[in-house]
Trainee: 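Just passing along the structure, written as structure tokens.
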Amino acid sequence: MFLKRKTIPDNDLQILIKGCLTGERSCQKELYNVYSPKMLPLCLRYAENHEEAEEILQDGFLQMFRCINQYKQIGTFEAWLRKIMINCALMRYRSKNKTSRVISLTNDYDHMATAGDFLDHISEKELIRLIQGLPPAYRMVFNLYVFEGLKHREIAILLNITEGTSKSNLFDARAILRKALSPELKAAK
């Protein structure tokens, strides 16, 4: 389902990083070309639409180029860049200063859809579209918990909410996604 993306040998990566440290545009362009296809799906999960995802991506790369001297080569460069992209998405979310939209949950959300192998029947593009359709607060918590592996305590600190709110938002996000996926699951059978 998820596409294999271009990787770069460590030697070449080190050369590109050194070039970026000295402001070489060709090295910046090559790093962007290698990592932007890997980071765009991440940005899409946090954004409301493709345009916002591209803005997060651009902000993330600008931040990375400004702070590349802080990369200490502990862990992979991709993981370091990924953290920058997530932080840019979170900063954008906070700057919108929106109050969370409240969705009334009815018994429709109470049934449990069997996840089974639904991922085999849904495209990456469709999954991202469904995640983008979540209310912003639910989308942030869902991404941080499911894809980034953060605990509710950590999410609460990042989003300046309580642990209980984080848990509730995750529950509600999953319920909304289950409901949206129910027709997908039936069509796949």
Trainee: Between Asp172 and Tyr138, does any side-chain donor sit less than 3.5 Å from a side-chain acceptor?
Mentor: yes
Trainee: Do Met91 and Leu150 sit in the same hydrophobic cluster, where Ile, Leu, Val, Met, Phe, Trp and Tyr count as joined when their side-chain heavy atoms come under 4.5 Å apart?
Mentor: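 No, no single cluster joins them.
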Trainee: When rounded to the nearest 0.5 angstrom, what distance separates CG in Leu158 from CE in Met140?
Mentor: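 The CE atom of Met140 is 11.0 Å from CG of Leu158, to the nearest 0.5 Å.
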Trainee: How long is the straight-line distance from CZ of Phe65 back to SG of Cys20, given to the nearest 0.5 Å?
Mentor: 5.0 Å
Trainee: Minimum heavy-atom separation for Lys151 and Glu154, please, with both atom names.
Mentor: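 Smallest heavy-atom distance, with atoms named: N-OE1, 2.6 Å.
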Trainee: Does Ile15 belong to the same Ile/Leu/Val/Met/Phe/Trp/Tyr cluster as Tyr32, with side-chain heavy atoms less than 4.5 Å apart forming each link?
Mentor: no
Trainee: Under a 4.5 Å cut-off applied to non-hydrogen side-chain atoms, are Ile176 and Pro135 in contact?
Mentor: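 In contact.
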Trainee: Is the distance from the ring center of Tyr46 to that of Tyr93 below 6.0 Å?
Mentor: no
Trainee: Under the 3.5 angstrom rule, does the side chain of Gln70 hit a backbone N or O of Cys67 as a donor-acceptor pair?
Mentor: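 Not confirmed, Gln70 side chain does not pair with Cys67 backbone.
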Trainee: Hey, what do you get for NZ (Lys29) to OG (Ser26), rounding to the nearest 0.5 Å?
Mentor: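 Rounded to the nearest 0.5 Å, the NZ-OG separation comes to 9.0 Å.
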Trainee: Taking all atoms of both residues into account, what is the closest heavy-atom pair of Ala156 and Glu163, and its distance?
Mentor: CB-N, 3.8 Å
Trainee: Under the side chain to side chain contact (heavy atoms under 4.5 Å, CB included) rule, what do Val141 and Ile161 come out as? Steps first, then yes or no, please.
Mentor: CA-CA 10 Å; Val141 172; Ile161 58 177; 4.2 Å; yes
Trainee: Look up atom CG in Leu16 and atom CD1 in Ile8, then write down how far apart they are to the nearest 0.5 Å.
Mentor: 4.5 Å
Trainee: Calculate, to the nearest 0.5 Å, the distance between atoms CD and CD belonging to Gln28 and Glu24 respectively.
Mentor: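 Result: 9.0 Å between the selected atoms.
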Trainee: Please report the closest heavy-atom contact between Pro41 and Glu124, naming both atoms and the distance.
Mentor: CB-OE2, 3.7 Å
Trainee: State whether the side chain of Asn143 and the backbone N or O of Arg45 hold a donor-acceptor pair below 3.5 Å, judged by distance alone.
Mentor: yes
Trainee: Taking Glu126 first and then Arg129, would you say they form a salt bridge - that is, a charged N and a carboxylate O separated by under 4.0 Å?
Mentor: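 Result for this pair is yes, salt bridge flagged.
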Trainee: Measure the shortest side-chain to side-chain distance between Met85 and Met64 over non-hydrogen atoms and say whether it is less than 4.5 angstrom.
Mentor: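 Heavy-atom side-chain distance check fails, nothing below 4.5 Å.
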Trainee: Could you check if a side-chain atom of Leu144 sits within less than 4.5 angstrom of a side-chain atom of Leu90, using non-hydrogen atoms only?
Mentor: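 They are in side-chain contact.
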Trainee: Between Val146 and Leu170, which heavy-atom pair has the shortest distance, and what is it?
Mentor: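 That would be CG2-CD1, 4.3 Å.
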Trainee: To the nearest 0.5 Å, what is the distance between CG (Asp59) and CD (Gln63)?
Mentor: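 Between Asp59 CG and Gln63 CD, I get 9.0 Å after rounding to 0.5 Å.
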Trainee: Quick one: do the Thr165 and Ser168 side chains pair a donor with an acceptor below 3.5 Å?
Mentor: no
Trainee: Measure from NZ or CZ of Arg174 to the centre of the six-membered ring of Phe142 and say whether it is under 6.0 Å with the direction within 45° of the ring axis.
Mentor: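 Because its charged atom misses either the 6.0 Å distance or the 45° angle limit, Arg174 does not stack over Phe142.
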Trainee: Can Lys83 and Glu78 be counted as an ion pair, charged N to O under 4.0 angstrom?
Mentor: no
Trainee: Would you say the rings of Tyr35 and Phe77 are close, in the sense that their centroids are separated by under 6.0 Å?
Mentor: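 Here the rings of Tyr35 and Phe77 have centres that are less than 6.0 Å from each other.
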Trainee: Counting C-beta onward and ignoring hydrogens, is there a side-chain heavy-atom pair between Val34 and Leu13 closer than 4.5 Å?
Mentor: no
Trainee: Above 12 or not: heavy atoms from other molecules or residues under 6.0 Å from CZ of Arg25?
Mentor: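 No, not enclosed.
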Trainee: Parallel, tilted or perpendicular: which fits the ring planes of His152 and Tyr145, with parallel below 30° and perpendicular above 60°?
Mentor: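 Plane angle under 30°, so parallel.
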Trainee: Between Leu62 and Leu81, is there a shared hydrophobic cluster once you connect ILVMFWY residues whose side-chain heavy atoms come closer than 4.5 Å?
Mentor: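 Different clusters.
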Trainee: Between Arg82 and Glu148, does any side-chain N to carboxylate O distance fall below 4.0 Å?
Mentor: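 Here Arg82 pairs with Glu148 in a salt bridge, since their nearest N and O are under 4.0 Å apart.
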Trainee: Between Gln132 and Glu52, is any side-chain donor less than 3.5 angstrom from a side-chain acceptor?
Mentor: no
Trainee: Check this for me: Asn160, atom CG, are more than 12 non-hydrogen atoms of other residues, nucleotides or ligands nearer than 6.0 Å?
Mentor: no
Trainee: Which heavy atom of Ala47 sits nearest a heavy atom of Ala53, and at what distance?
Mentor: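 Between these two residues, the closest heavy atoms are CB-N, 3.4 Å.
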Trainee: For residues Met39 and Ile56, determine if any side-chain heavy atom of one lies less than 4.5 Å from a side-chain heavy atom of the other.
Mentor: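 Met39 vs Ile56: side chains apart.
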Trainee: Do you know which two heavy atoms are closest between Cys27 and Gly19, and how far apart they sit?
Mentor: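 Scanning both residues, the minimum pair turns out to be SG-CA, 3.6 Å.
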Trainee: Would you call Ser166 and Leu159 a side-chain contact if the rule is heavy atoms closer than 4.5 Å?
Mentor: no
Trainee: When clusters are formed by joining ILVMFWY residues with side-chain heavy atoms under 4.5 Å apart, either directly or through shared neighbours, do Phe147 and Leu134 land in the same one?
Mentor: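 Yes, it is one cluster - the side chains of Phe147 and Leu134 are joined through contacts under 4.5 Å.
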